[in-house]
Amino acid sequence: MLTQAPRGTKDVLPAESYRWQYLEASMRKAAALAGYREVRTPVFEHTELFLRGVGDTTDIVQKEMYTFKDKGDRSITLKPEGTAGAVRCFLEHNLYAEPLPCKMYYLNAPIFRYENPQSGRLREHHQFGLECFGAKEATADAELILLAYHLLQDLGIKNLSVEINSIGCPKCRPVYHTRLKEFLGERIGQMCDTCRERFDRNPLRVLDCKEKKCQEITRDAPSMLDLLCDECRKHFEELQDCLDQAGIPYRVNSRIVRGLDYYTKTVFELITETKDGKLTVCGGGRYDNLVAEIGDQDIPAVGFGMGLERVLMLLDSDGAGIPKDPWYEVFVTYMGANRPHAFKLVQMLRADGIRADLDHCGRSLKAQFKYANKTGTQLTAIIGDEEAENGMVKIKSMAGGEECTAPVQEACSVIRSMLR
RNA sequence: GUGGGUAUAGCGUAGUUGGUUAACGCGCCAGAUUGUGGCUCUGGAGAGCGUGGGUUCGAGUCCCACUACUCACCCCA
């Protein structure tokens, strides 16, 4: 217990953190190219924010939040998603008074949901998310989809597909809801148990059922896309025009529904085909009413969240190479009483920007070489009695084995010239 | 919340119908090579078998419970 991380959490070990750093660097770059700047918001917020923002009928709010009372008797919740916090931040600091759109991203933001962990699902996971406030036009939706698509593609993720849908706005969605309920009401008796539950809770979900029988029954169900109001239809058409122009493959899937209540108009997912089936790596959409719902500004917005663990998982299976950081460039070995000389040389090298270290465990020279070998060090410096007496240092290339000797004062420049 | 699988050294595994000091590979440490790694050889350290009960003369091996891990459903990144 004491030496076990809580269920559904994962350590990122020193040997693998370079993979995260690589991802983060790619994400920062992609975001910055499109004018998004980083925002950092707290890991926890007032529970009320999520009840209002995410929607108190959603599964996330009803059964998955980490909620607790703090010592001041406030109800606090660990972020179960990234958008609500960003909206709160946007409102609290009056960012709407600055030139719009206000584009922000968060990176490696921990997200907490009390779920049953399984492949690609944790209780704490991390997201890269972008939010764009104050842009109502479909180009904003499109640029986010393109950004996510190109980012994942550039990372080497294969079998990537983009699915988009429009779920309308408060004007047209209620009409659809009524129609759908009518349609389903007549047939729900023949459908599976979970669908019957969904019928009451969230009828849209019924369309998402994987049961063959249910899929057949709902094949002729009314589609939201046929009932969009003029404004929503036009917006959706513009989005498709943008994507067509950009030339990325996408599919309109009138059945994708997202689990958060705040979406309006555009919703989208980036899905990959893995050996165990489909996996959504990125999901997002437009939320034109959320800002007004939480604050007193009526500002449209659009955004997405991308699961870092899932992206990393896909990078594993697609075998995309992430360049490894060298551990040490130079390992300084020494014999016996020459440790102070070695220590001094290491400090010199580091001051010169070279990754260097020496043995801190009292190992034999031979063991020091073994260690250097195991850590993949390119060069070793050797300080034996002879070198120490003459103020010299021997430098050896681990790959080829060739050695040379140089005065300690010139060690940095000699080593630099030997490092590729 | 529901259902399936698993649980033996740091990692991966073997442990026959329950029977003496739990085995192997990798890794780790050391030596062969007392100023030098990667190959080879030799030796060594390290688990009492997830936890707690029970059955038995005797359990890693059988039974029960719990916990954790894992997969799937639900839902989601």
Side-chain angles (χ1 to χ4, degrees), chain A residues 1 3-10 13 15 54 57-64 79-83 106 108-129 148 152 192-195 197-198 201-202 205 208-211 256-260 269-272 276-284 303-314 331-336 338 359 361-388 394-403 405:
Chain A
M1 196 67 171
T3 56
Q4 189 160 43
R7 185 165 166 74
T9 65
K10 273 218 157 57
L13 302 178
V54 178
T57 61
T58 58
D59 272 23
I60 290 180
V61 167
Q62 283 193 336
K63 45 189 208 195
E64 296 184 346
K79 274 196 272 199
E81 59 93 53
T83 300
Y106 42 87
N108 209 356
I111 302 288
F112 304 88
R113 287 181 207 159
Y114 192 83
E115 308 203 60
N116 252 338
Q118 61 188 269
S119 177
R121 281 180 55 184
L122 296 161
R123 288 187 173 174
E124 180 195 35
H125 77 277
H126 299 80
Q127 287 191 11
F128 167 52
L152 293 172
C192 70
D193 293 346
T194 44
C195 277
E197 265 176 56
R198 285 190 274 229
R201 232 177 350 143
N202 188 350
R205 283 251 161 247
D208 211 22
C209 187
K210 276 131 206 138
E211 292 274 332
I256 67 166
V257 180
R258 314 240 60 248
L260 306 157
E269 289 185 15
L270 274 75
I271 302 166
T272 53
D276 315 303
K278 287 176 191 245
L279 184 74
T280 300
V281 272
C282 175
F304 73 68
M306 187 181 285
L308 298 196
E309 281 85 352
R310 287 192 180 177
V311 175
L312 250 8
M313 212 170 115
L314 293 167
F331 193 77
V332 178
T333 63
Y334 59 90
M335 291 195 341
N338 300 312
D359 174 62
C361 304
R363 278 188 267 243
S364 67
L365 185 65
K366 180 193 183 121
Q368 294 177 44
F369 267 86
K370 280 194 177 181
Y371 179 81
N373 192 242
K374 272 183 286 218
T375 54
T377 308
Q378 280 186 59
L379 301 176
T380 43
I382 306 146
I383 301 183
D385 294 338
E386 219 174 280
E387 288 82 5
K394 196 180 270 184
I395 299 158
K396 173 174 180 173
S397 155
M398 293 301 274
E402 57 276 6
E403 295 183 346
T405 307

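Order of the sequence lines fixes the chain letters, A, B, ..., with proteins taken first and strands second; residue numbering starts at 1 for each chain.
rC66(B) atom C1' lies 14 Å from atom CD of Gln4(A), rounded to whole Å.
The side chain of Ile382(A) approaches rU36(B) more closely than any other nucleotide in the set rU36(B), rA30(B), rC75(B). Here the side chain of Asp59(A) is nearest to one of rA77(B), rC75(B), rU70(B), namely rC75(B). In this structure, of rA77(B), rA72(B), rU36(B), it is rA72(B) that holds the atom nearest to the side chain of Ser119(A). Considering only the side chain of Arg363(A), rC29(B) comes nearest among rC29(B), rA32(B), rC75(B). Taking only side-chain atoms of Lys366(A), from C-beta outward, the nucleotide of rC29(B), rU70(B), rU36(B) with the closest atom is rU36(B).
Across all strands shown, Lys394(A) has heavy atoms under 4.0 Å from base atoms, whether or not it also approaches the sugar-phosphate. Contacts of Glu386(A) with the nucleic acid, taken as non-hydrogen atoms under 4.0 Å apart, include base atoms. Base engagement by Glu115(A) is indicated by at least one non-hydrogen atom pair under 4.0 Å involving a base atom. No engagement by Leu279(A) is indicated, since no non-hydrogen atom pair under 4.0 Å with the nucleic acid exists.
In this structure, Leu152(A) and Val281(A) approach most closely via the heavy-atom pair CD1-CG2, 3.7 Å.
Contact between the side-chain N/O atoms of Arg7(A) and the OP1/OP2 oxygens of rC69(B) is found at a separation under 4.0 Å. The side chain of Gln118(A) contributes an N or O atom lying less than 4.0 Å from OP1 or OP2 of rC73(B).
Below the 3.5 angstrom threshold, one finds a donor paired with an acceptor across the side chain of Glu403(A) and the base of rU36(B). Judged by distance alone with a 3.5 Å cut-off, a donor-acceptor contact links the side chain of Glu387(A) to the base of rG35(B).
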*Nucleotide by nucleotide, 5' to 3', does protein get under 4.0 Å of the base (B), only the sugar-phosphate (S), or neither (-) in nucleotides 2-8 of chain B, counting heavy atoms?*
B------
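With a glycosidic angle no more than 90° from 0, rG48(B) adopts the syn conformation.
With pairs defined as Watson-Crick or G-U wobble and both atom distances under 3.5 Å, the stems of at least three pairs that touch RNA chain B come out as B:1-7 with B:67-73, B:10-13 with B:23-26, B:28-32 with B:40-44, B:50-54 with B:62-66.
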Just the table, please: protein N/O against nucleotides 38-43 of chain B N/O, every pair under 3.5 Å.
unit_1, atom_1, unit_2, atom_2, d
rG38(B), O4', Asn373(A), OD1, 3.2
rG38(B), N2, Ala399(A), O, 3.3

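Ring pair Phe304(A)/Phe128(A) is perpendicular by interplanar angle, where above 60° counts as perpendicular and below 30° as parallel.
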